[in-house]
Amino acid sequence: MQRLFTTIIATVLCMTAAIAQLPILRNFTTLDYKAGTQNWAIDQADNGTMFFANNNGMLTYDGDKWKVWPMPNFTNVRWVQYDKATQRIYVAATNEFGYFKGDPKSHQYRYVSISNRLPVQYKTFGEIWKILVLGKNRAFQAKNQVFIVGRNGRVKTVNVPHRIENATAIDGKLYISCIECTYEYTSGRLVPLPGLQELKGKAVRAMLPHDGKTLIVTASDGLYLYDGKSCWPYVLDISKALADNQVFCAAATGQYIAFGTVRAGLIVKELATGRNYFINNITGLSNNTVLSLKFDKMGNMWLGLDNGISYIMPAAPCRDLLGANASIGTGYASLLQGNRLYLGTNQGLYVIPYPLPNDIDQTKPNYVNGISGQIWNISNIDGSLLCGCDQGAYAIEGNSATHIASTQGTWGFLPIKGHKGYVLSCDYNGFVILRQENGGYTVQNRVSGINFSTGGCIADTDGSLWMSHWQRGVYHFRLSSDLTRIEQLQYFNKGNQLPADDNNLVCKIDGQVYISSADGFRRYNPTTRRLEKAKNIDSIFNEYGVSLRIIETQQGDLWAYKPGYLAIAHKLAGGRYQLDRFTMANIVDRLQMSLGHPGSLGPNLTLMNYENGFYLLNNHFAATRQSADVFIKSIYSTNRQDTLLYSNYPGPQETSIKIPHSLNSLRIEYVLPEYQEEKAVDYSYYLEGYDEHWSAPSTATSKEYTQLPKGSYTFHVKAHDRINDVTREAAFKIRVMPAWYETWWAYLLYLALVVVAIAQLLKYMKRRTDQKVAQVQIAKEQELRAKEAQFQIEEEKKEKELIKLRNEHLEIELKHKSSELADSTMNLVRKNDMLQEIDMQMGQLAAEITKEKNKAAAAKIIRDVRRSIQRNITDDDNWEKFEENFNLVYNNFLDKLVAQFPLLKLNDRKLCAYLKMELSSKEMAALLNTSVRSVETARYRLRKKLNLEQGENLTNFIKNFDTKQSGT
């Protein structure tokens, strides 16, 4: 009877299942966490940090950064378990198990082995697949043994006769499941459990507490319930899916039972409603093999996959209608028509049955034939379904669409009050009247008066129409009775009752038309024909800057959204509203808000458009504001290279730190673990004692300070979790120690240096006084020497004047000698001229006498006279005197010449002297007692002796010879 009742309850749960909504999920790949592909177990610390048993080691994640801690033997980690009491993270690997614990000295996790305590015969035990808590003891499950470690550190080995398929700890009791038998370990021995013959031959994957009994999950043979005496099949609508896809792991909370399969991803049963969730690679999961799963403190699920990690959020207030991989495009519009749900996207129009089947076979949307392009609107007009897209207006019937001829890209449709069967269509060029006939629609006419495109048009209660244009403002008008033109047009824009021309929106709240602008809401007063501020609506949202789009639900609740903002205002009695914003915060950045319209699936469910399809939102989801605490994660010194000074680990932590002055440039890292969205937390910081005020909020998770002066500081960090609208704050004290030159012993050194300096100063002053006395003595001596020097200068001056007089005398004497030399030369010239003339005359006399006979004796005498004269001409006794005076006048010219040219003969020297005196050839011939021709010949020979080149002037050479000698 009990078994039958259980089966009936399970069947009822299945029958009450509603639409199979899919929880939102996040996937993390190996590119994100940079570790191994497989993740075998998951656990969470008190501070929210996640731990994963990864192929590369223990993997940690705090919502900001991932880090891998490898095992000493670098094998795969198969299990990870956080122990709150000891703040240890127990890990199990191949032939190794132990725990990681934060080391306050190194600020790193330090591994401590437990398996090294085993006897030698048990040290090669292979893989440890599970770690279980048994009261004060801890059990490590291998393939054929279970090692039980007591609080005293002793290890006891329990040998199991068969291969262990699963080990479970329930209420401190250890259960070991093998294919052959299931045991309870009690009083130090293995005892087979009674009433489990049904499980023989079946591989058990999990044993979970469930409704006062034990739920036994097998790999491929379904579910069983066990009451301690007997077991029986527990049949659910997901049983076949579990059996067909091989269960690998399972976990349960009071609200869900989750099963990780080898081939079909995650299968979740919601106990209260019987709703099933099938999360696999079709619906967005990155891998279909789930190796591990863990419910976190928020009630969401972490999945360790065969390749990657996923985070499933059943606790979130929204669901993904078809899953992230449905591939139907960006959602724009939706409409429920009977048992069909139409979905308009940028890829076309789809239809799915409603409610969706609550089984593993994912319902694939069917494409509506006959329509393509981007779907802007789906409207139910008096039971007829009309669809507007960028290709025109269409009439929808079942899975088919019929184009309404002559229509262009269409934004939407409105029934015309007082004109049954007529519809106002808003297209890319204005307004078109559609007329219903013969079960279809045709174009009646185009409305004149407005010829531009608009998607925002609604009807007022009096039949008038309101239209907003995203750049031109707001129009209020009526259609003429024949529906051909615009009448009674009233235009509102910037300067005319609106703050701006652009981004004004029209909406309807409780039957009244409102205009949403950047500065709030306005309502039209028909009496004054003016727009008046609607403070009652402004007070609901208090959100300005960008116009809010408002959608009213069937129950009168108001959805309000704009970029970065999503809220719902629940209608209360008396026309009041209660705003709920934080509940939907985790999807706001994904919504597609610029085009299209949200849909409805009844009074409590809203379909919101987003980038990969549609979110299903529960209008009255009662969320609780949960969030982890923010904490200082690590402190690094950046003076030379990153030096870790502090690191946060699970458990009690330091709240202050002393930092050497040499490490006074810091990078402080902080985090509030939030996993539902990336960058979902805004942080502000304030360093008390340094900063003047809080920083502006940002998603950055670190702050650097350079060269902090000595002193005490308190670093405050404030984290605002936008998803849960919760703010947390943490503080950490930092003391920067003085530099060595600022310490007390340094000040003693400074004092000693001052004393030494004063002593040295006194010595210096005494030495300075002595020096001044000496300087006075020296000054007197210098004064005496100066007087002596002055006297000597005057003496030297007088001596210089005497020398000057002597030089002037010598110059006068030189000029006299030069004059004498010139006179002597001229005397020589005149003497030789005279002697030559006498010689010539005597020659003539001798010739005349020779002509006479017997005058031989006279002739002989005359000849003797001539010879005497000639000897007198040739033998110039004055040459030596001439040469002496010449050298005196011409600065030893002849001596220098002979020194350079020693082969010069007497006549050569004479010729050079005469050239220096600038005598003519005729004068030189007279002095040399030769002919002019002979002088020229002598000049030629002299050129050769002086080594003159052809073309070089002899006279210039002689004139400048002593000048060249001086230069040389």
Side-chain angles (χ1 to χ4, degrees), residues 35-36 38-47 49-62 66-160 164 167-169 172 174 176 185 291-292 294 304 647-653:
Q38 294 173 313
N39 297 277
W40 298 95
I42 308 168
D43 208 351
Q44 186 177 28
D46 290 340
N47 65 1
T49 302
M50 300 302 304
F51 301 96
F52 302 87
N54 184 267
N55 280 358
N56 288 8
M58 180 182 75
L59 179 65
T60 64
Y61 182 48
D62 57 17
W66 299 85
K67 190 167 184 179
V68 180
W69 303 87
M71 295 294 291
N73 61 358
F74 298 100
T75 58
N76 298 346
V77 176
R78 298 295 190 182
W79 200 267
V80 60
Q81 185 186 78
Y82 169 70
D83 181 50
K84 180 178 180 180
T86 61
Q87 289 88 52
R88 296 173 179 175
I89 302 94
Y90 286 89
V91 290
T94 305
N95 294 323
E96 181 64 56
F97 60 86
Y99 59 86
F100 284 98
K101 188 170 183 178
D103 182 3
K105 293 183 179 179
S106 65
H107 308 290
Q108 302 282 347
Y109 277 121
R110 180 174 59 89
Y111 179 75
V112 178
S113 176
I114 298 177
S115 57
N116 61 6
R117 308 172 195 168
L118 293 172
V120 176
Q121 66 268 28
Y122 290 122
K123 286 194 174 181
T124 305
F125 46 79
E127 307 278 359
I128 295 291
W129 289 100
K130 271 191 178 182
I131 304 174
L132 304 169
V133 177
L134 302 174
K136 296 181 178 181
N137 301 327
R138 199 169 302 272
F140 296 82
Q141 177 230 315
K143 180 172 64 175
N144 293 104
Q145 297 95 13
V146 176
F147 304 102
I148 300 176
V149 181
R151 278 297 178 93
N152 56 8
R154 294 180 181 179
V155 182
K156 182 177 182 179
T157 302
V158 178
N159 291 307
V160 181
I164 301 174
T168 303
L174 175 61
I176 300 173
Y185 179 73
L291 302 178
S292 58
K294 172 74 174 180
S647 185
N648 182 286
Y649 297 102
Q653 293 294 321

Ring-ring centroid check F97 F125, cutoff 6.0 Å: yes

W69-F51 aromatic ring centre distance below 6.0 Å: no

Passing option when [X] is tested against [options] for side-chain contact (heavy atoms from CB on, under 4.5 Å):
{"X": "W79", "options": "I128, L132, I131, I42", "value": "I131"}
{"X": "V68", "options": "V77, L59, T60", "value": "L59"}
{"X": "F140", "options": "V155, V146, V149", "value": "V149"}

Aromatic plane relationship, Y61 with W66 - under 30° parallel, 30 to 60° tilted, over 60° perpendicular: parallel

Any N137 side-chain heavy atom under 4.5 Å of K156 side chain: no

Mind checking the [atom1]-[atom2] spacing from [X] to [Y]? Nearest 0.5 Å is all I need.
{"X": "L118", "Y": "Q145", "atom1": "CG", "atom2": "CD", "answer": "9.5 Å"}
{"X": "Q141", "Y": "T168", "atom1": "CD", "atom2": "OG1", "answer": "8.5 Å"}
{"X": "Y122", "Y": "N159", "atom1": "OH", "atom2": "CG", "answer": "4.0 Å"}
{"X": "N56", "Y": "N76", "atom1": "CG", "atom2": "CG", "answer": "8.0 Å"}
{"X": "K67", "Y": "D62", "atom1": "NZ", "atom2": "CG", "answer": "11.0 Å"}
{"X": "M50", "Y": "K294", "atom1": "CE", "atom2": "NZ", "answer": "7.5 Å"}

Using modelled atom types only, decide if a donor and an acceptor are shared between the side chain of [X] and the backbone of [Y] within a distance under 3.5 Å.
{"X": "R117", "Y": "G153", "value": "yes"}
{"X": "Y90", "Y": "D83", "value": "no"}
{"X": "N73", "Y": "T94", "value": "yes"}
{"X": "S292", "Y": "N39", "value": "yes"}
{"X": "D43", "Y": "Y82", "value": "yes"}
{"X": "N95", "Y": "G126", "value": "yes"}

Audit row: Y109, M58, side chain to side chain contact (heavy atoms under 4.5 Å, CB included) steps and yes/no: CA-CA 10 Å; Y109 277 121; M58 180 182 75; 4.0 Å; yes

Do you know which two heavy atoms are closest between [X] and [Y], and how far apart they sit?
{"X": "S115", "Y": "K123", "value": "O-CE, 4.2 Å"}
{"X": "N648", "Y": "N47", "value": "OD1-ND2, 3.4 Å"}
{"X": "Q87", "Y": "K101", "value": "O-CG, 4.1 Å"}
{"X": "R154", "Y": "N152", "value": "N-OD1, 3.0 Å"}
{"X": "L134", "Y": "A139", "value": "CD1-CB, 3.7 Å"}
{"X": "N54", "Y": "Q38", "value": "ND2-O, 3.3 Å"}

Over 12 foreign heavy atoms within 6.0 Å of NZ, K143: no

Check against side chain to side chain contact (heavy atoms under 4.5 Å, CB included), Q81 and V133: CA-CA 9 Å; Q81 185 186 78; V133 177; 3.5 Å; yes

Side chain to side chain contact (heavy atoms under 4.5 Å, CB included) assessment of K130 paired with W40: CA-CA 10 Å; K130 271 191 178 182; W40 298 95; over 6 Å; no

Working for side-chain hydrogen bond (donor to acceptor under 3.5 Å, both in side chains), residues S113 and E96: CA-CA 7 Å; S113 176; E96 181 64 56; 2.6 Å; yes

Residues W129, I164; criterion side chain to side chain contact (heavy atoms under 4.5 Å, CB included); working and verdict: CA-CA 10 Å; W129 289 100; I164 301 174; over 6 Å; no

